[in-house]
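A short worksheet on the structure shown next.
Each chain gets a letter, A, B and so on, in the order the sequences are listed, and its residues count up from 1.
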2 protein chains.
Amino acid sequence: MTTVLIVDDEPQILRALQINLHAHGYTVVPAPNGTTALAAAQTQAIDVVVLDLGLPDMDGLDVIAGLRGWTEVPIIVLSARHASHDKVEALDAGADDYVTKPFGLDELLARLRAATRRAGPQTSEPLVETAEFTVDLANKSVLRGGTPVRMTPTEWNVLELLVRNPGRLISQQQILTEVWGPAYAKETHYLRVYMGQLRRKLERDPAAPVHLLTEAGMGYRFAP
Amino acid sequence: MTTVLIVDDEPQILRALQINLHAHGYTVVPAPNGTTALAAAQTQAIDVVVLDLGLPDMDGLDVIAGLRGWTEVPIIVLSARHASHDKVEALDAGADDYVTKPFGLDELLARLRAATRRAGPQTSEPLVETAEFTVDLANKSVLRGGTPVRMTPTEWNVLELLVRNPGRLISQQQILTEVWGPAYAKETHYLRVYMGQLRRKLERDPAAPVHLLTEAGMGYRFAP
DNA sequence: GGACGGCGTTAAGAACACGTAAAAACAAGC
DNA sequence: GCTTGTTTTTACGTGTTCTTAACGCCGTCC
């Protein structure tokens, strides 16, 4: 059974899609705005997202970004806007498809089939585990020995970047530009402070790290 | 570098796409009909297919079917037909996306990016292997007998340059200018020190190297 | 045979990068 | 306006890497 998260602020469209998709064998999770959509995506297993860009509470692009932060679930964007740059923005933000209104239901169904066919069996777990701690990318939480570890925003951003690339060496510049911004590419001492904090929170022996490794002169590496 | 197979029977469109995509950094393989398209897909590594449905020699749907028989390369369909059932047929035949003419070039580029992003990470693993060690260019890591070998920045730069050109002779000046900078082109003794360190870390018998070879008076060569 | 140039090895000081702690600056909530 | 939590500075000790020099080896050329 395929579960579809439908995000649309117009109740009648939401309802119409809900009925039609249900009639075609989909399990439908409705969401009238971006906030509930993001919340729903975190609490339930979603196979594909149908997203209307015109939402009352937040920009549709931010919804895409919010989802793409931790999941690769297919996103099909619905929009009344035909302009080229709207499509480009949505697709580059991480959407998989862009359908302009008005659209035929059978076309949407076909695109849903195409999107789910590609994704195939959902295997990607947003969990990264080590012998010492577990990082939950979806919940933005870290568990160590069963108990949660508090992370400050900056600590989380650094940790997330490293953990998303297990085994890969990340240069100081890359971490600094992605977490602090391009203007901070030279502030390498920030990193020393934050790597120290992360190690103190996550490593058994912070002075002899096993998972958050330093490669002198090159960068840092997360070893699972 | 991403390689795009473009299938279109109209020479001017084929040519226009070829020029535009090339200008945006894509390698383009053109095909005027279905037969040559299928042949080209078999002989070359294709990252994404752009397919016009109106072909002289065979039905576009059959081209999709012919590709889907053995590959999951992303297929973006171009078509003048707006009818719903055309889109449904193409998508259900295995196409990933369906763009109706006329379309904006930037939209096509965005859809190309979306298609390659999805399939992206699995393609082209930059791994260089020898009997003694393995160099992972993406992760900037070296494995020898399953255990990682630490490299200093300079060691890595020299090794990477050699390994990226397997079998090719690299002159001393070339290594020095690329790693240390043009001002150091004469400091050949640096190389002796670093080649020694690399051999000590990577060769079974550093005194009789098998992979990091010296060509007296000329330069160094990496033999896989 | 001996001098010479290119190469490999080793060792040690200099230069640089890193880790840690603690204080100052800043932001958010009450 | 105060408190609390977070980020940014600052300072200093330690560890790693780079550079440089010295020496030995092996060929070639005089």
Side-chain angles (χ1 to χ4, degrees), chain A residues 140 142 148-162 169-222, chain B residues 140 142 148-162 169-181 183-221:
Chain A
K140 291 192 190 302
V142 181
V149 183
R150 271 193 59 78
M151 289 286 159
T152 73
T154 309
E155 284 169 5
W156 172 259
N157 290 333
V158 174
L159 179 65
E160 181 179 26
L161 177 59
L162 288 170
L169 184 105
I170 315 286
S171 71
Q172 296 102 327
Q173 289 180 0
Q174 195 176 340
I175 303 177
L176 287 166
T177 53
E178 295 216 13
V179 174
W180 279 270
Y184 293 75
K186 296 283 176 61
E187 313 284 349
T188 58
H189 51 284
Y190 285 17
L191 274 183
R192 286 195 276 284
V193 173
Y194 275 91
M195 290 304 297
Q197 291 177 0
L198 285 175
R199 289 204 257 247
R200 196 143 9 100
K201 289 184 175 180
L202 298 178
E203 291 277 1
R204 185 180 301 272
D205 179 3
V210 179
H211 298 111
L212 301 170
L213 307 176
T214 301
E215 308 256 329
M218 302 191 70
Y220 293 89
R221 189 194 303 273
F222 166 70
Chain B
K140 283 197 200 304
V142 181
V149 183
R150 294 263 339 255
M151 290 288 158
T152 74
T154 310
E155 283 169 5
W156 172 259
N157 290 333
V158 174
L159 179 64
E160 183 177 23
L161 177 59
L162 288 170
L169 176 75
I170 314 287
S171 74
Q172 303 183 353
Q173 291 150 12
Q174 195 175 341
I175 303 176
L176 286 165
T177 53
E178 294 217 15
V179 175
W180 279 270
Y184 293 75
K186 296 286 177 59
E187 313 281 350
T188 58
H189 53 284
Y190 285 17
L191 275 182
R192 288 197 276 285
V193 173
Y194 275 92
M195 290 305 298
Q197 291 178 0
L198 285 176
R199 290 205 257 247
R200 188 138 28 88
K201 289 185 174 180
L202 298 178
E203 292 277 1
R204 183 180 302 273
D205 179 3
V210 180
H211 299 112
L212 300 170
L213 308 176
T214 301
E215 305 268 332
M218 306 186 67
Y220 294 88
R221 186 194 305 273

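Taking the side chain as every heavy atom from C-beta outward, Val210(B) and Glu203(B) approach each other to under 4.5 Å. Using a 4.5 Å heavy-atom threshold, the side chains of Leu159(B) and Leu202(B) count as touching. Under the 4.5 Å side-chain criterion, counting only non-hydrogen atoms from C-beta, Leu213(A) is not in contact with Tyr220(A). A heavy-atom distance below 4.5 Å is found between the side chains of Leu169(A) and Met218(A). Side-chain contact check for Asn157(A) versus Ile175(A): every heavy-atom pair is 4.5 Å or farther apart.
Each end of the helix from dG1(C)-dC30(D) to dC30(C)-dG1(D) gets its own rotation axis from five pairs of C1' atoms, and the angle between them is 30° to the nearest 10 degrees.
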Atom pairs and distances, donor-acceptor, side-chain atoms in residues 176-188 of chain A, under 3.5 Å, two or more places apart:
from	atom 1	to	atom 2	distance (Å)
Thr177(A)	OG1	Gln173(A)	O	2.8
Thr177(A)	OG1	Gln174(A)	O	3.0

Acceptor/donor pairs from residues 189-201 of chain B side chains to any protein atom, 3.5 angstrom cut, sequence neighbours excluded:
from	atom 1	to	atom 2	distance (Å)
Arg199(B)	NH1	Leu212(B)	O	2.4
Arg199(B)	NH1	Thr214(B)	OG1	3.4
Arg199(B)	NH2	Thr214(B)	OG1	3.1
Lys201(B)	NZ	Arg150(B)	O	2.8
Lys201(B)	NZ	Glu155(B)	OE1	2.7
Lys201(B)	NZ	Glu155(B)	OE2	3.4

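Distance CE (Met195(B)) to P (dC7(C)): 11 Å, rounded to an integer number of Å. Arg199(B) has its CZ atom 13 Å from the P atom of dT10(C), to the nearest Å. Per the geometry, CG belonging to Leu191(B) stands 11 Å off C1' belonging to dC7(C), to the nearest Å. Note: CG (Leu213(A)) to P (dG19(C)) measures 11 Å, nearest angstrom. One atom, CG of Leu198(B), and another, P of dT9(C), lie 12 Å apart when rounded to the nearest Å. One interatomic measurement links the two molecules: CG of Asp205(B) to C1' of dT9(C), which rounds to 14 Å at whole-angstrom precision. The CG atom of Leu176(A) sits 11 Å away from the P atom of dT8(D) (whole-angstrom rounding). To the nearest angstrom, C1' of dA22(C) lies 11 Å from CZ of Arg200(A).
The CD atom of Gln172(A) lies 10.5 Å from the CD atom of Glu215(A); values are rounded to the nearest 0.5 Å.
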What nitrogen or oxygen pairs link the protein and nucleotides 12-17 of chain C at under 3.5 Å?
from	atom 1	to	atom 2	distance (Å)
dA17(C)	O3'	Gly217(A)	N	3.4

Are there any protein N/O atoms within less than 3.5 Å of an N/O atom in nucleotides 25-30 of chain D, and if so, which ones and at what distance?
none

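Contacts with DNA chain D (heavy atom under 4.0 Å) in residues 150-162 of chain B: Arg150(B), Thr152(B), Pro153(B), Thr154(B), listed by number.
At the phosphate of dC18(D), neither OP1 nor OP2 sits under 4.0 Å from any side-chain N or O atom of Tyr190(B). Between Tyr220(A) and the phosphate of dG19(C), there is a side-chain N or O to OP1/OP2 separation shorter than 4.0 Å. The side chain of Trp180(B) contributes no N or O atom lying less than 4.0 Å from OP1 or OP2 of dC18(D). Listed pair Tyr194(A) / dT7(D) meets the phosphate criterion, a side-chain N or O lying under 4.0 Å from OP1 or OP2.
Within 4.0 Å of Thr214(B), counting heavy atoms only, lie sugar-phosphate atoms of the nucleic acid but no base atom.
Each of Gln197(A) and His189(A) was assigned the nucleotide of DNA chain D with the nearest heavy atom; the assignment lying further toward the 5' end belongs to Gln197(A).
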